[in-house]
Amino acid sequence: MREYNQKEIDKKWQKIWQKTKLYKTLTIKNKPKFYCLDFFPYPSGDGLSVGHLRNYIPTDVISRYKRMRGYNILHPMGWDAFGLPAENEAINKGLHPKITVPKYITNYKQQLSIVGLSYDWEREINSSTPDYYKWTQWFFLLLYDKGLAYKAISFVNYCPKCGTVLAREEVEGNTCWRCHTEVKKIKKEQWFFKITAYADRLLKDLKLVDWPENIVEMQKNWIGYSEGVEFEIPVTGLKTKLSVFTTRPDTIYGMTYVAVSPEHPIVRQLVSPNKRDEVDKFMRMVEKESEIERLSKEKEPLGVFTGSYAINPLDNKTIPIYLADYVLSTYATGAIMAVPAHDERDFIFAKKYKLPIKVVIQNTEHGLQNENMECAYTGEGIMVDSAEFSNLPSDEGRQKIIEYIEGLGIGQRVTYYRLRDWLISRQRYWGAPIPIVYCEKCGEVAVRDLPVLLPDVDDYKPSGTGESPLAGISEFVHTTCPVCGREAKRETDTMSGFACSSWYFLRFVSPKYDKAPFDKKEVEYWLPVDLYVGGAEHAVMHLLYARFWTKVMYDAGLINFVEPFFRLRNQGVVHAPTGKRMSKSRGNVIIPDEIVERHGADALRLYELFMAPFDQPVVWDTNGIIGQERFLKRVWRFVVGRENKIGHVGVNSSSPLPSLHRTIKKVTEDIEAFKFNTAIASIMEFMNKIYNISMDDATHREVAENLILILSPFAPHICEELWQTLGKEDSVTQMPWPEYSEELVREEFVTIPIQVNGKLRATLEVKKGTTREIIEKLARERVKKWIVKGIKRIVYIQDRLVNIVMRLD
RNA sequence: GCCGGGAUGGUGGAAUAGGUAGACACAGUGGACUUAAAAUCCACUGACCUUUAGAGGUCGUGUCGGUUCGAGUCCGACUCCCGGCACCA
């Protein structure tokens, strides 16, 4: 018998697949399509780890499975090569990104090929090449032309180590998402994309996708929908009124002060002369506060009385106006009506500054609310002390008061979102230049002649001056105005890498197309992405941005769908054996190369899938892989070592076919449900069951062929070899997926547990459908010794269970 | 604090219209084969107890309580772990 030589087989088939272009995407669109996509990685010097494979192997299995189910498959791979991650890698290595990026890509491709992933490499894309970023710039202009890209001065997050500003989504806690350096707030003019214009649709359309619940929740949370009423409050002695927003107008009669953000433009008018010193002192404290630790857990709210008073427009009561640091200038109107009795922060503030607490919602289930309450009651209840609205349930009163306010003409129903516009300028070298020039005469002008090439420079490192390294390249900066031909200066910031990744999934359908970012016909066939797999860390970055661009493209009539990724799945993180996250800096990255060398690509593939459910985090332990290797050897011997067993034929064993068909059914269902671990377990179980039973040649062949077919998406190398050994000429990957027979799957016999008082005492092997009468008789016989006090009742479920319940006396 | 997920043998994990807990695998023990090792094959492998044996019993899915003939699964309270958000009015 020929030995199973995994190394030789891996190499042999990887070569054949490459030579025959087996995984090339079919262009004849006569079949249903399936677009199966991985989050494209940035090329890292760490190389591809076993963690990356936890993403790529499942999608490879799905792609192979779907191909066998008769789909046209688009399964491409590319490189997120522009942007902070790729550039920081280069800087850390002390090399130019133009050197590291191609080098790391070559390594990644090599590593991907040795595990036998079925990518169509003719569609490979790289976001840092001019034929790609030309179109990223084109999209910038699309947004610009639609009024969705604008330049504005505001407070932004700046990472001192990376030397660039960041989007809000790129600030984790208070640190940079790449280097975890604490960010600073600086005032700077920057380019933004107006994602807030799409807040409502980004929220609403989450209903259209099949995504993990936690990702949907995170996006909802980030978008932050709030429905309420905005109304004006008169200020005594001032003509200007103060606008406030509340989601709880039902508590309006409980307002005992008004709180204004220290950054609010009205502050100067509010402060009375005798309060000026006190307010100045407060302002300095607030400034200091924000510089030190904004994260401190139980930060006390800070505030100061302005000396001004407001009038509650509903009951005309006069109440003080405070400046309060817990009121944000960046959300809603930057001022609130404070209701200490029914808002936690207002309550704490009121206690601290000895402001009155007026109860206007009662809920007797939660105890009586009164001035001596120990914390705010924020729930629903019955309105009290609220003029003509008293005795209404709070939810009803809420609507009534909104209508009343609208009737008075002092306010209206509004919706606010927490989402802010997407800051896309980066003061970094390695990105797509923003295609804008500033002309003395014409002002800001779009550059239509694309691409605006990134100049080749030696000094690519961030300047740290708050300016892009490109600002120092005179030949780049100085240009002529495309409109009037006069002298002009280029925008020197580059775009965030997340701009590049906001449309890459469209480029794969026509990666070399040069008339537009994509060939519309191809997009119509392939998009949206049917299955998108990657890490959960992009929940509110890439995934939100790509959804936004998709909607912009839809509105521009470029595409006919509104959500880019129909089904999204997140693989579980692979931790190093120490339990920590794998990273080069920790020196604990496990790469697949050695494992493949020692155990073979198929064993590694199986192990990645088998070790835990797909979406569960795991601690890597290479020891377990030996079990997969043993299993593959058993499969090999079962198929190839037939001649040794031929002598046993004739011993009466039960047919392996019902088991085979049950296994086909189980594997089919499990792949569809992303349960790869139990799919593999069921094939193993089947193998164990039939390994030593004798069968005639025809049966053996039938079993072997089907076994190879259902195993092939998981372990393609050994399956190709075995398929060939059986005398087949075509690749196993091009065979149709086996169908199971309903008849064979049906169980003829069942094992029925017999319980006494719910405790298992015996089991009964009977033919399915045996009558209750017979089973009860057999059951009583079997468990006679436990039946001592007489039977109270017998719980009987046909073909499933008998439980004899005894009398208790 | 809020939202989401989770806790099952020495280990990774199976099993939810409530119905034989521990599939499959790792590690371990014993045996077969072998000059030997590797590889392979077979058996055992939750804990505790009874028994000469065959066999049998009790407990057992984070904790406490409930519903039920019957709970890993449902309900209530709690503990711990992981992920996310964190002054958003």
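Predicted model, so just to flag it, every value in this text is computed and none were measured.
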Q: Just checking A:Val327: base, sugar-phosphate only, or nothing, at a heavy-atom cut-off of under 4.0 Å?
A: base
Q: Does the separation of the ring centres of A:Phe349 and A:Phe347 fall below 6.0 angstrom?
A: no
Q: With rounding to whole Å, what would you report as the distance between B:U11 and B:U61 at their P atoms?
A: 15 Å
Q: State the OG1-CD1 distance between A:Thr622 and A:Ile626, to the nearest 0.5 angstrom.
A: 11.5 Å
Q: Given the C1' atoms of B:U45 and B:G31, what is the spacing between them in whole Å?
A: 15 Å
Q: Please report the distance separating the P of B:C64 from the corresponding atom of B:U16, rounded so that it comes out in whole Å.
A: 26 Å
Q: Determine the interatomic distance between P on B:U40 and the same-named atom on B:A27; round to the nearest Å.
A: 10 Å
Q: Partners of A:Arg634 by salt bridge (charged side-chain N to carboxylate O under 4.0 Å, His left out), sequence neighbours excluded?
A: none
Q: Are A:Phe231 and A:Phe245 close enough that their ring centers fall under 6.0 Å?
A: no
Q: Could you tell me how far apart A:Trp177 (CH2) and B:G84 (P) are, to the nearest whole angstrom?
A: 15 Å
Q: To the nearest angstrom, how far is A:Glu344 atom CD from B:G1 atom C1'?
A: 8 Å
Q: Please round to the nearest 0.5 Å and tell me the distance separating atom CD of A:Glu230 and atom CD of A:Gln412.
A: 6.0 Å
Q: So does A:Asp799 pair up with A:Arg772, basic N to acidic O under 4.0 Å?
A: no
Q: For the pair made of CD in A:Gln628 and P in B:A27, what is the distance, rounded to whole Å?
A: 12 Å
Q: Which is it for A:Tyr225 and A:Asp200 under the side-chain hydrogen bond (donor to acceptor under 3.5 Å, both in side chains) test, yes or no, and what are the steps along the way?
A: CA-CA 8 Å; A:Tyr225 174 89; A:Asp200 53 341; over 6 Å; no
Q: Let me know which of A:Phe714, A:Trp620, A:Phe631 forms a ring pair (Phe, Tyr, Trp, His ring centres under 6.0 Å) with A:Tyr607.
A: A:Trp620
Q: Which pairs, protein N/O on one side and nucleotides 57-59 of chain B N/O on the other, fall under 3.5 Å?
A:
from	atom 1	to	atom 2	distance (Å)
B:G57	OP1	A:Arg761	NH1	3.2
B:G57	OP1	A:Trp786	NE1	3.3
B:U58	OP2	A:Arg761	NH1	3.4

Q: Between P on B:C87 and OH on A:Tyr416, what's the gap in Å once rounded to a whole number?
A: 19 Å
Q: Find the runs of at least 3 consecutive base pairs, i with j, i+1 with j-1 and so on, that include RNA chain B, using Watson-Crick or G-U wobble geometry with both distances under 3.5 Å.
A: B:1-7 with B:79-85, B:10-12 with B:24-26, B:28-32 with B:40-44, B:46-50 with B:55-59, B:62-66 with B:74-78
Q: Which whole-number value in Å describes the distance from A:His599 NE2 to B:C26 P?
A: 13 Å
Q: Rounded to the nearest 0.5 Å, what separates atom CG in A:Leu604 from atom CD in A:Gln6?
A: 12.0 Å
Q: Could you tell me whether A:Lys666 contacts a base, only the sugar-phosphate backbone, or nothing, with contacts defined as non-hydrogen atoms closer than 4.0 Å?
A: nothing
Q: In whole Å, measure the gap between the C1' atoms of B:C48 and B:C85 for me.
A: 47 Å
Q: Are the charged groups of A:Lys666 and A:Glu685 less than 4.0 angstrom apart, N to O?
A: no
Q: Measuring only the P atom in each nucleotide, how far is B:A14 from B:A23? A whole number of Å is fine.
A: 13 Å
Q: Provide, to the nearest angstrom, the distance between the CZ atom belonging to A:Phe245 and the P atom belonging to B:A89.
A: 6 Å
Q: Over 60° means perpendicular and under 30° means parallel, so classify the ring planes of A:Tyr353 and A:Tyr322, tilted if in between.
A: tilted
Q: Between protein and nucleotides 4-12 of chain B, what N or O pairs are separated by less than 3.5 Å?
A:
from	atom 1	to	atom 2	distance (Å)
B:G12	O2'	A:Met611	O	2.5

Q: Can you measure from CE (A:Met218) to NE2 (A:His538) and round to the nearest 0.5 angstrom?
A: 11.5 Å
Q: As an exercise, state the distance from CD1 of A:Ile752 to CD1 of A:Ile797, rounded to the nearest 0.5 Å.
A: 10.5 Å
Q: In terms of side-chain heavy atoms of A:Arg418, which of B:A14, B:C85, B:C24 is nearest?
A: B:C85
Q: Please measure how far the C1' atom in B:A7 lies from the corresponding atom in B:U73, and state the result in whole Å.
A: 14 Å
Q: 5'-most contact on RNA chain B: A:Lys675 or A:Ile626, nearest heavy atom basis?
A: A:Lys675
Q: A:Val267 and A:Ser261: which non-hydrogen atoms are nearest, and at how many Å?
A: CG2-O, 3.6 Å
Q: Distance under 6.0 Å and angle within 45° of the ring axis: does A:Arg168 meet both against A:Trp222?
A: yes
Q: Using OP1 and OP2 only, check whether a side-chain N or O of A:Thr678 sits under 4.0 Å from B:A23.
A: no
Q: With C1' as the reference atom in both, quote the distance from B:G72 to B:A86 in angstrom, rounded to an integer.
A: 34 Å
Q: Where do N or O atoms of nucleotides 17-20 of chain B meet protein N or O atoms at under 3.5 Å, pair by pair?
A:
from	atom 1	to	atom 2	distance (Å)
B:G19	N2	A:Gln755	OE1	3.1
B:G19	N2	A:Asn803	ND2	3.3

Q: Check the distance between B:G13's C1' and A:Tyr607's OH and give it to me in whole angstrom.
A: 11 Å
Q: Do A:Glu3 and A:Lys633 pass the salt bridge (Lys or Arg N to Asp or Glu O under 4.0 Å) test, and can you show the C-alpha distance, the side-chain angles, and the key distance before you say yes or no?
A: CA-CA 9 Å; A:Glu3 286 293 314; A:Lys633 285 180 183 167; over 6 Å; no
Q: I'd like to know if the side chain of A:Asn157 and the backbone of A:Lys185 have a donor-acceptor N/O pair within less than 3.5 Å.
A: no
Q: Quick check on B:G9: syn or anti? Syn means the glycosidic torsion is within 90 degrees of zero.
A: syn
Q: Run the side-chain hydrogen bond (donor to acceptor under 3.5 Å, both in side chains) check on A:Glu232 and A:Ser243 step by step: do they pass?
A: CA-CA 4 Å; A:Glu232 292 189 320; A:Ser243 195; 5.3 Å; no
Q: What does the list of N/O pairs under 3.5 Å between the protein and nucleotides 40-47 of chain B look like, with a distance for each?
A:
from	atom 1	to	atom 2	distance (Å)
B:U40	O3'	A:Arg637	NH2	3.1
B:C41	OP1	A:Arg634	NH1	2.6
B:C42	OP1	A:Asn692	ND2	2.9

Q: Quick check for you: among B:A23, B:A15, B:G84, whose closest atom lies nearest to any side-chain atom of A:Glu685?
A: B:A23
Q: Just the rounded figure in Å: distance from C1' of B:C85 to CD1 of A:Ile215.
A: 13 Å
